[in-house]
Amino acid sequence: MVYFLPFITSFVACVLAVYLVYPLSIKYGLVDSPCARKQHKGEIPLVGGIAIYIAILLSSLLFFRDDLLIVYVISSTAILIVGVLDDRFELSVKSRILIQIIAALFLISQSGLYIDSFGYILGNEFELYLGKFGVVVTVIAVVGAINAFNMVDGIDGLAGMLSLVSFTCLGFLYYYTGSQWAILPTVFMAAILAFLMYNLRWPSRSVHKIFMGDAGSMLIGFTVVWLLIVGVDTKGEAEAILKPVTALYLIAVPFMDMVAIMYRRVKKGKSPFKPDREHLHHIFERIGFSRKRSLLYISLIAIVIAIAGCLMQVLGVPEWIMFSIFLSLFLIYNFALMHVWKITTWVRKHRDKRLS
C-alpha cells in the first residue's frame with residue numbers, strides 16, 4: 001500500500017506532462033522525422049523522455065527522502081538535457097559520451113558509491129575485488145547502460161518494455177530486502193506504463209503517438225545502472241541488495257544486443273556507434289515477424305532471463321554458476337547474430353513448409 005500512491009501519482013503526472021509538452025515539441029521542432037533507418041509515418045514528437053522525467057521528479061520529491069536523491073536528480077537532469085539536445089540537434093557521439101562520463105564521475109564523487117567487486121563469479125573461494133579500479137569500471141558501466149538502452153530503442157515500445165522488465169525486477173529485489181529505494185523503480189514503472197499507452201496507442205488509437213527519444217532512453221539507462229550500483233553496494237547496507245552478476249540478468253537483452261552489435265561493427269572496420277539495421281528487432285523483422293510480434297517475443301525473452309536472475313538471487317545460487325549460465329546465453333546470442341543470415345533463411349524455409 002505504501003507504493004500505491006507514488007505509483008498512481010507518477011502515472012497521472014506522466015499523462016499530464018505529455019499533454020503539457022506535446023504542443024511545445026511541435027512548435028520547437030522536437031520531432032522525429034522518417035528516414036532510411038526510421039520507417040515510421042510522419043513527424044512524431046519526442047516528448048516521452050521529458051514526460052517521464054517530470055513524473056519521476058515530482059513523485060520522488062513527494063514520496064522519497066534520501067540524501068542521495070539530490071545527487072541522482074542533478075545527474076539525471078544533465079543526462080536528460082543532453083538527450084533533448086541530441087534529439088533536436090543530433091549531437092556528436094564524442095560530446096554525448098563526454099557528458100555521460102562527467103555525470104558518472106559526479107555521481108561517484110558525490111555519493112561515494114561505485115562497483116568495487118564483481119563478487120564470486122570465478123568460484124566460491126575467490127572474490128574478484130576491484131578496489132579503486134572500480135571507479136573506472138563504474139564509469140564504463142554507466143556509459144554502457146545508457147547507450148545499451150539508447151541503441152535498443154528501435155521499434156515502438158521496445159525500450160519501454162525492456163526497461164519495464166528491469167524496473168519491475170529491481171522494485172521486487174529492493175522491496176524484498178526492505179530498501180526504501182524501492183520507491184524509485186516503482187514510480188518509473190508507472191511513468192513508463194503511461195508512456196507506453198501513447199507510444200503503442202493502447203487501448204485507444206485516438207491518443208497522440210509519441211516517442212521517448214534519446215532523452216528518454218538515456219534517462220532510463222542511467223537510472224537502471226544507478227539502481228544497480230546502489231543495489232550492489234555494501235558500504236551503506238548490512239548486505240548488498242543484489243549480487244553484481246544478477247545485474248547482468250536484469251539488463252540482459254539491451255546489454256547483449258549492444259556488445260554483440262558493437263563487436264560486429266568494429267570487426268567490419270566501422271565505428272561501434274554507427275547506426276545500422278542489425279539489431280535483434282531487425283533480425284526478427286527479417287525473419288518475417290511483424291513489429292508487434294517482434295516486440296512480444298523480445299519482451300518475453302527479457303522477462304524469462306530477468307525472472308531467472310531474480311530467482312537465482314533469492315534462492316542463493318552461487319555467483320559463479322549464475323555467471324556461467326549468463327556467459328553461455330551471451331555466447332549463444334553472439335553465435336546466432338554472427339550466423340543471422342543462415343538462421344533467418346532456415347526459419348523462413350521451415351515456416352514456409354509448415355504453411356504450405
Side-chain angles (χ1 to χ4, degrees), residues 3 5-33 38 40 42-64 69 72-89 146 149-150 152-168 171 183-224 226-227 295:
Y3 299 108
L5 190 55
F7 186 92
I8 295 300
T9 301
S10 181
F11 184 91
V12 173
C14 188
V15 171
L16 295 177
V18 170
Y19 279 98
L20 175 67
V21 183
Y22 190 92
L24 296 176
S25 68
I26 297 176
K27 180 179 179 180
Y28 293 104
L30 190 61
V31 295
D32 197 12
S33 302
K38 304 173 182 180
H40 57 269
E43 294 186 330
I44 310 298
L46 297 164
V47 301
I50 300 173
I52 291 171
Y53 172 80
I54 292 172
I56 298 308
L57 183 64
L58 176 63
S59 302
S60 297
L61 293 178
L62 284 175
F63 300 105
F64 189 30
L69 180 62
Y72 164 75
V73 168
I74 294 173
S75 303
S76 61
T77 301
I79 292 296
L80 180 89
I81 292 172
V82 172
V84 171
L85 292 174
D86 187 40
D87 285 329
R88 180 63 182 86
F89 301 108
I146 291 172
F149 279 93
N150 182 243
V152 83
D153 187 21
I155 58 175
D156 289 347
L158 186 55
M161 285 299 299
L162 295 180
S163 63
L164 190 60
V165 172
S166 298
F167 283 122
T168 301
I183 288 287
L184 191 57
T186 299
V187 295
F188 257 96
M189 288 162 55
I192 290 169
L193 283 172
F195 159 76
L196 286 172
M197 288 174 54
Y198 292 94
N199 185 232
L200 298 176
R201 302 183 75 184
W202 184 89
S204 173
R205 301 289 294 177
S206 62
V207 299
H208 299 303
K209 185 176 182 64
I210 63 172
F211 289 159
M212 69 166 57
D214 289 345
S217 59
M218 288 170 62
L219 173 66
I220 284 171
F222 179 78
T223 305
V224 168
W226 163 245
L227 286 169
L295 171 64

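A distance-only check finds no donor-acceptor pair linking the side chain of S60 to the backbone of L57 [under 3.5 Å].
Under the 30°/60° scheme for interplanar angles, the aromatic rings of F167 and F188 are found to lie parallel.
Listed here is the closest heavy atom pair of S163 and G160: OG-O, 2.8 Å. Minimum heavy-atom separation, P6 to I183: CG-CD1, 4.0 Å.
Separation of atoms CD1 (I44) and CG (N199) is listed at 9.5 Å; rounding is to 0.5 Å. Rounding to the nearest 0.5 angstrom, the gap separating the CD1 atom in I54 from the CG atom in L16 is 10.0 Å.
The salt bridge (Lys or Arg N to Asp or Glu O under 4.0 Å) contacts involving residues 153-167 comprise D156-K209, where partners must be two or more places apart or lie in separate chains.
Partners of L295 under the side-chain contact (heavy atoms from CB on, under 4.5 Å) rule, at least two apart in sequence or in another chain, are I155, L158, M161, L200, S299. Looking at residues two or more places apart in sequence or on another chain, you find no side-chain contact (heavy atoms from CB on, under 4.5 Å) involving L20. Shown here are the side-chain contact (heavy atoms from CB on, under 4.5 Å) partners of L30, two or more places apart in sequence or in another chain: S25, L46, I50, V84, D87, R88.
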| field | Residue pair T223, Y72: steps toward the side-chain contact (heavy atoms from CB on, under 4.5 Å) verdict | value | CA-CA 8 Å; T223 305; Y72 164 75; 2.7 Å; yes
| said: Is there a side-chain contact (heavy atoms from CB on, under 4.5 Å) between L24 and V47? Walk through the geometry before answering. | reply: CA-CA 9 Å; L24 296 176; V47 301; over 6 Å; no
Using atom types as modelled, flag every donor-acceptor pair under 3.5 Å from a side chain in residues 7-14 to any protein atom, sequence neighbours excluded.
{"unit_1": "T9", "atom_1": "OG1", "unit_2": "L5", "atom_2": "O", "d": "2.7"}
{"unit_1": "S10", "atom_1": "OG", "unit_2": "V187", "atom_2": "O", "d": "2.6"}

Return all side-chain donor-acceptor pairs below 3.5 angstrom for residues 210-220, not counting sequence neighbours, or 'none' if the list is empty.
{"unit_1": "D214", "atom_1": "OD1", "unit_2": "N150", "atom_2": "ND2", "d": "2.7"}
{"unit_1": "S217", "atom_1": "OG", "unit_2": "N150", "atom_2": "ND2", "d": "2.9"}
{"unit_1": "S217", "atom_1": "OG", "unit_2": "G213", "atom_2": "O", "d": "3.4"}
{"unit_1": "S217", "atom_1": "OG", "unit_2": "D214", "atom_2": "O", "d": "3.3"}

